[in-house]
Visitor: 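Sharing a structure below in structure tokens format, with a few things to ask.
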Amino acid sequence: MDPDVVTTQRLEMTRLADGKKMINHYVLDGRIGKGQHGQVSKCHDHLHTNRIFAMKAVKRDNPKAKRERQYKQLRQQNLPPRRDHVPVVDGIRTAEQEIRKEIAIMKKCRHPHVVRLYEVIDDRKNDTIYMVMEYLGGGEIHYTNGNNQPILTVEQTRRIMRDAILGLEYLHHQGIIHRDIKPANLIWTSGHDRVKIADFGTAHFSYAQRLSAAQSEGQQASSSEEDPILLNDADLAKRAGSPAFLAPEIVWEYTDGNPQPRPPVTKAIDIWALGVTLYCFLFGKTPFRPPGTYSLSEWTGYQCTCNQDWRAPSTMGYDKVRTGGRHPPEEEIERGELGPVVIHLLDHFLKKDVVERITLEEVKANRWFLLDLPNPSTWLEITSPNPIQVSPQETSDAMSTLRFRWARWGRSRGGPTVASTSASASGTNTATTTGETTPNRFTATRLETTITPTPPSSKSTASGGGGGIAKRLAALLLRGSPSTPTTPTSTSPSSLQNPSSSSHHSSVTNILGIRVHRSQNALVTEKKGERPKKAKAKRVKLNNRGGVVSEPNEPHGLRRIRSDRDADAERERREKKQRERERRKRAKASASTQPPSQQTTLTPSAQSKGKGKGKGKERQRVEGNDHARRESPSPSTPRPPTAPVSIPNASSVHAPSPSRARSGSMRSLATGDQRAPSPGGKRLTGLISTITHWRPSSRGSLSGSPVEERKKEKEKEEKRRDPKLSSSISSKRSGTSESDIEFANPYRSTEDLTTTKMPSEQIPRTNSQGRPSPSSRSSSSAALFALRSGSSGSRSGSASPPVISPTFATAVMSGGVTDVIPTITGISSSIGSTSSSSFGGLANRRISSWDQGATADPDSRSLTSSYQSDDFDDEYDQDGLGVSAVDYYNYGLPTANGSGSARPGGGGIVFMRDEVDANYSGSESDGSAERDDQGTYEGTLESTVEGRAGGSRYCGSDHRGTPNEDDGLTFSTKKRREGT
Ligand SMILES: Nc1ncnc2c1ncn2[C@@H]1O[C@H](COP(=O)(O)OP(=O)(O)OP(=O)(O)O)[C@@H](O)[C@H]1O
């Protein structure tokens with residue numbers, strides 16, 4: 001309900017000196033239209049003469065409407081013919097009832113393509129009700145020259161139709177069925193730059209539809225008290241509208257043979273009417289009339305509507321575009337020839353079978369409608385009244401829930417900037433074990449922006465809401481008919497590097513949903529509690545190996561959030577690991593006798609020291625690049641052996657990222673570069689889902705590797721020292737431990753899912769020090785998080801916050817949205833690295849596919865195996881906050897200059913990223929790279945985000961919630977730990 005609609009119960013009528021009539025403060029400037037229910041006058045505010053309105057005056061007891069009702073009763077006896085554009089209204093309703101219904105419906109509407117109601121002057125002492133509306137100076141759309149020839153070009157038709165579709169989509173989303181869509185009710189604005197839907201005299205409010213739409217939004221449908229005069233859905237079957245535009249299901253009784261049962265009357269009647277309108281625009285006449293007739297009886301018209309096919313003249317539009325006939329050849333449609341494509345679309349508009357009729361979603365995605373749009377996917381998303389959402393129920397079996405709040409990351413870190421985020425994007429994941437830069441092997445695709453045809457025979461749901469998830473996804477992912485498949489295009493380098501570019505936003509906007517996943521490209525971590533000196537030594541060591549050192553200002557340090565699932569399993573793993581660790585300690589003690597040359601390392605890792613689980617988490621402080629540079633590797637420093645990895649078809653597969661840090665790894669959120677401040681600092685709520693599921697399979701994957709060799713040596717040593725222990729080890733090894741599991745390489749079987757090869761120029765380079773660029777330090781668990789603000793997104797205003805969309809995740813994983821995350825290396829890589837394997841898994845709602853993605857590739861296995869399951873930073877965990885920073889990317893309408901985005905209170909996408917301190921050498925001071933990271937991490941988690949948007953485009957926040965006045969968005973996380 002538009003709260004801005006004023007109801008005035010006092011009417012004052014004044015005659016001004018110039019003879020003009022003034023109603024309250026509105027001075028009438030003359031009549032601009034007259035309809036069945038009343039007349040419409042132009043008027044202006046007498047105090048503000050530049051404020052112009054349209055005032056519709058409707059008599060409570062409208063004699064004309066009364067006559068019309070009587071006339072209708074006569075018509076039912078098939079008596080006199082009538083004009084086919086004059087509305088008919090079945091049912092005995094008084095004029096006052098009609099006008100009240102119209103007012104009630106208009107009060108609900110606030111949309112750029114729906115005429116807006118400002119004020120209702122309803123004085124009970126007066127027999128007329130006045131509706132003050134926005135003034136549309138362009139008048140109603142004329143489409144014929146009076147000789148049944150079109151006067152609109154095909155291009156003009158498309159633009160008009162696009163506006164009408166948006167308006168109608170909005171109405172349907174509100175539960176409103178217009179029932180009288182026709183050219184005369186589509187009115188131009190003064191500049192003829194926009195068309196709006198008017199005349200809600202016969203509109204119908206469908207409780208069922210509203211309910212459906214509301215449910216999809218997680219909102220409460222308005223109560224009947226709020227909508228006292230709205231119709232029962234049974235009224236829909238009554239004939240209302242203009243005869244030539246009535247759908248077959250409304251006049252179903254005219255169908256030859258009178259088939260049973262009667263088809264349902266739904267919002268599809270508006271789509272039919274829109275199809276008839278389209279036909280009118282294209283051909284200058286209505287479609288269902290016998291050839292050669294200019295006027296026809298209602299009965300004849302209905303007969304035609306129900307039983308005859310429409311004809312397609314050879315040309316359409318004022319510009320006489322060739323149509324290809326009623327049934328144009330398939331090849332021409334597939335080729336995208338304008339005429340055939342439009343006829344094809346019209347064919348789907350005018351399906352007599354309501355089930356076969358096209359839906360508005362499909363219409364919107366039709367390539368003809370998208371033709372001149374600079375960015376169709378953006379347009380589709382931002383014009384959608386119903387963003388993709390998945391109910392909590394839909395995700396519950398895959399995820400558990402954690403809530404977290406936005407808080408400011410304010411510790412030793414400087415204010416993170418988008419620039420730094422951007423800078424990091426050009427980097428890469430780095431295989432620190434080899435000391436060489438490993439290119440990001442992610443393949444990036446973007447959602448297609450080329451035009452694809454409408455899916456030809458999608459079913460129309462009878463009373464569906466604004467948009468089903470599946471349909472939305474289908475539209476977003478496929479957006480086209482099978483005959484003209486979507487062609488993924490590789491993301492351009494620029495789109496990957498510039499988050500604020502328009503292309504970036506264009507794709508971002510195409511995805512509303514939440515996807516958080518854990519990447520496997522963590523490199524090395526620092527251990528909590530480790531003394532700075534040691535950390536420094538580690539960094540040096542890593543540098544010497546060509547590793548990457550984290551910057552202290554790394555803004556994306558979102559710490560890991562513990563899943564509340566698999567607690568038992570996790571506990572078990574911890575215990576197991578503890579045992580393992582103790583054993584290693586012993587082994588290490590014995591290994592210290594070995595000459596350093598024998599102590600080969602593959603993956604830098606660090607061994608926990610002196611602390612138990614939980615509290616024993618170690619975290620290495622990151623001190624920054626400059627520091628690291630000072631400690632650049634000396635030429636004499638030997639490089640560690642290269643990990644024996646081989647990646648089949650490495651250039652095209654989505655290689656999982658290099659290894660994650662074992663401990664102290666953090667998760668960060670990175671969102672879009674800009675976000676328009678939410679008005680008034682509205683709270684933002686959302687849900688982040690994190691899928692964490694790792695089976696490092698390290699032993700299996702590292703078979704034959706130096707690490708494995710080293711382990712074997714250690715075990716031998718242990719065996720020598722402690723035969724009992726070693727026997728247990730060997731017996732354990734003989735079993736099928738998780739880490740022994742060999743995973744099939746999914747890339748071979750899912751090559752079709754890998755998309756475009758990453759352009760060589762995007763392959764990250766090492767920096768001048770021979771290290772990978774700083775950006776590669778951080779790996780990412782990418783989280784795409786749709787933030788919504790305002791009433792629908794606010795905690796108070798919405799029954800359900802935006803939720804994760806597994807289907808959306810699929811879109812992400814399929815690479816379709818990679819270009820929305822151009823600058824965050826980890827994110828890009830993590831998405832890219834898992835896209836092929838995760839696609840199928842997520843499509844089937846199987847999160848384990850993620851795990852496969854992480855482990856299937858030999859490279860990833862060796863690297864991800866360094867990831868530790870219990871890598872929480874206790875220092876942070878104590879306060880239960882797990883998120884350390886967030887970057888916040890807005891999506892939405894590009895601003896006028898095309899750079900930023902301006903969607904106040906709109907959405908955003910959050911990328912959750914695990915910070916990986918790549919300088920974590922993992923080696924001890926003695927040079928050994930101890931791997932105590934052979935465990936697995938499995939689990940899923942889902943976090944609810946609530947944020948507060950203030951003003952700045954980016955802000956970090958202290959993970960403990962310390963607000964920063966300068967920051968526009970703060971967040972924190974409440975996470976649950978388990979198993980400690
Ligand atoms: N907001 C407006 N701005 C400008 N002109 C308008 C506006 N609303 C209506 N009109 C004009 O007034 C005419 C009649 O308005 P409207 O269709 O609302 O009346 P009606 O009595 O409901 O008509 P109908 O007979 O189609 O039911 C329209 O055809 C249009 O030309």
Side-chain angles (χ1 to χ4, degrees), residues 2 5 26 28-44 51-69 71-72 82-91 93-107 109-120 128-143 160 163-164 167 171 176 178-204 239-246 270 273 276-277 280:
D2 188 344
V5 178
Y26 300 102
L28 301 189
D29 293 320
R31 196 170 84 177
I32 50 176
K34 194 166 183 344
Q36 184 197 355
H37 301 103
Q39 71 175 33
V40 181
S41 304
K42 185 180 174 185
C43 64
H44 68 268
R51 292 189 191 166
I52 299 172
F53 304 94
M55 182 182 281
K56 183 172 180 176
V58 188
K59 292 229 180 285
R60 292 181 199 277
D61 187 17
N62 188 340
K64 194 175 175 183
K66 197 172 176 180
R67 266 204 309 278
E68 186 62 37
R69 287 197 297 275
Y71 187 47
K72 170 238 149 204
R82 49 162 292 132
R83 287 194 300 124
D84 60 3
H85 279 227
V86 177
V88 293
V89 182
D90 278 3
R93 294 175 71 84
T94 69
E96 184 165 353
Q97 277 176 315
E98 291 294 330
I99 186 68
R100 288 198 182 283
K101 178 168 66 73
E102 184 174 356
I103 289 168
I105 287 176
M106 287 189 78
K107 274 184 173 179
C109 300
R110 193 161 177 176
H111 189 270
H113 296 294
V114 176
V115 67
R116 191 167 163 199
L117 178 66
Y118 290 114
E119 185 174 351
V120 178
T128 304
I129 298 174
Y130 298 92
M131 297 162 64
V132 182
M133 305 176 286
E134 73 173 303
Y135 172 67
L136 304 173
E140 64 187 58
I141 293 173
H142 297 287
Y143 61 89
I160 293 168
D163 287 358
L171 293 178
I176 296 163
H178 188 279
R179 295 212 292 181
D180 198 13
I181 293 290
K182 60 181 178 182
N185 287 332
L186 301 176
I187 305 179
W188 286 108
T189 54
S190 301
H192 276 72
D193 56 347
R194 186 180 289 188
V195 164
K196 302 198 179 201
I197 297 174
D199 189 4
F200 292 84
T202 53
H204 176 91
R239 202 177 310 159
S242 303
F245 297 81
L246 293 183
D270 282 345
V276 176
T277 302
C280 291

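The basis for the numbers below is simple: all heavy atoms, side chains too, and nothing from hydrogens, waters or symmetry mates. Since the structure is predicted, the reported quantities are computational estimates derived from the model, not experimental observations. Indexing begins at 1, ligand by ligand and atom by atom, following the structure's order.
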Visitor: Just let me know how Val58 lines up against ligand 1, side chain, backbone, both or neither, with a heavy-atom cut-off below 4.0 Å.
Guide: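 No part of Val58 is near ligand 1 at this cut-off.
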
Visitor: Just by distance, do the side chain of Asp180 and the backbone of Ala203 share a donor-acceptor pair under 3.5 Å?
Guide: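 No: the side chain of Asp180 does not pair with the backbone of Ala203.
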
Visitor: Any donor and acceptor pair, going by atom type alone, linking the side chain of Thr128 with main-chain N or O of Lys59 inside 3.5 Å?
Guide: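 Judged by distance alone, no pair lies under 3.5 Å.
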
Visitor: Looking at ligand 1, would Gly139 count as a contact under a 4.0 Å heavy-atom criterion?
Guide: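 It does not; every heavy atom stays at 4.0 Å or beyond.
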
Visitor: For the 3.5 Å polar cut-off, considering only N or O atoms, please tell me whether Asp199 and ligand 1 meet it.
Guide: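 N/O-N/O distance under 3.5 Å: yes.
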
Visitor: Within a distance under 4.0 Å of any heavy atom of Gly38, pick out the atoms of ligand 1 and give their elements.
Guide: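 Those qualifying, in numeric order: 21 (O).
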
Visitor: Considering the heavy atoms of Val115, write down every atom of ligand 1 situated less than 4.0 Å from one of them.
Guide: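 Selected atoms, number and element: 1 (N).
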
Visitor: Where's the contact between Ala54 and ligand 1, heavy-atom distance under 4.0 Å: side chain, backbone, both or neither?
Guide: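 The part of Ala54 near ligand 1 is the side chain, not the backbone.
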
Visitor: Counting heavy atoms only, which of Met131, Glu140, Lys42, Met133 is nearest atom 28 (C) of ligand 1?
Guide: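 Among Met131, Glu140, Lys42, Met133, the closest heavy atom to atom 28 (C) of ligand 1 comes from Glu140.
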
Visitor: State which residue, out of Glu134, His111, His113, fulfils the side-chain hydrogen bond (donor to acceptor under 3.5 Å, both in side chains) condition with Lys196.
Guide: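 Testing Lys196 for a side-chain hydrogen bond (donor to acceptor under 3.5 Å, both in side chains) against Glu134, His111, His113 leaves exactly one candidate, Glu134.
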
Visitor: Could you check Asp163, Leu136, Val195 and say which one makes a side-chain contact (heavy atoms from CB on, under 4.5 Å) with Thr189?
Guide: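 Of the listed residues Asp163, Leu136, Val195, the side-chain contact (heavy atoms from CB on, under 4.5 Å) partner of Thr189 is Leu136.
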
Visitor: Indicate, as side chain, backbone, both or neither, the part of Ile187 found under 4.0 angstrom from ligand 1 when only non-hydrogen atoms are considered.
Guide: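 The answer is the side chain.
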
Visitor: Is the closest N or O pair between Glu134 and ligand 1 shorter than 3.5 Å?
Guide: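 Right, the criterion is met.
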
Visitor: For the residue pair Leu171 and Cys109, establish whether any side-chain heavy-atom pair is separated by less than 4.5 Å.
Guide: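 Heavy-atom side-chain distance check passes, below 4.5 Å.
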
Visitor: Using heavy-atom distances, let me know which of Lys56, Gln39, Lys34 sits nearest atom 16 (P) of ligand 1.
Guide: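 Residue with the shortest heavy-atom distance to the ligand atom: Lys56.
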
Visitor: Are Phe200 and His178 close enough that their ring centers fall under 6.0 Å?
Guide: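 Under 6.0 Å, so yes.
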
Visitor: Identify which of Val132, Val40, Leu136 has a heavy atom lying nearest to atom 4 (C) of ligand 1.
Guide: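 Minimum heavy-atom distance to atom 4 (C) of ligand 1 goes to Leu136.
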
Visitor: For the residue pair Tyr26 / Glu119, report whether a side-chain donor-acceptor contact shorter than 3.5 Å exists.
Guide: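 On atom types as modelled, these side chains qualify, holding a pair under 3.5 Å.
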
Visitor: Any idea which atoms of ligand 1 are less than 4.0 Å away from a heavy-atom of Ile32?
Guide: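 That gives atoms 4 (C), 5 (N) of ligand 1.
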
Visitor: Please name the residue in the list Ile129, Val40, Ile32, Val132 that meets the side-chain contact (heavy atoms from CB on, under 4.5 Å) test with Lys56.
Guide: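 Passing option: Val40.
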
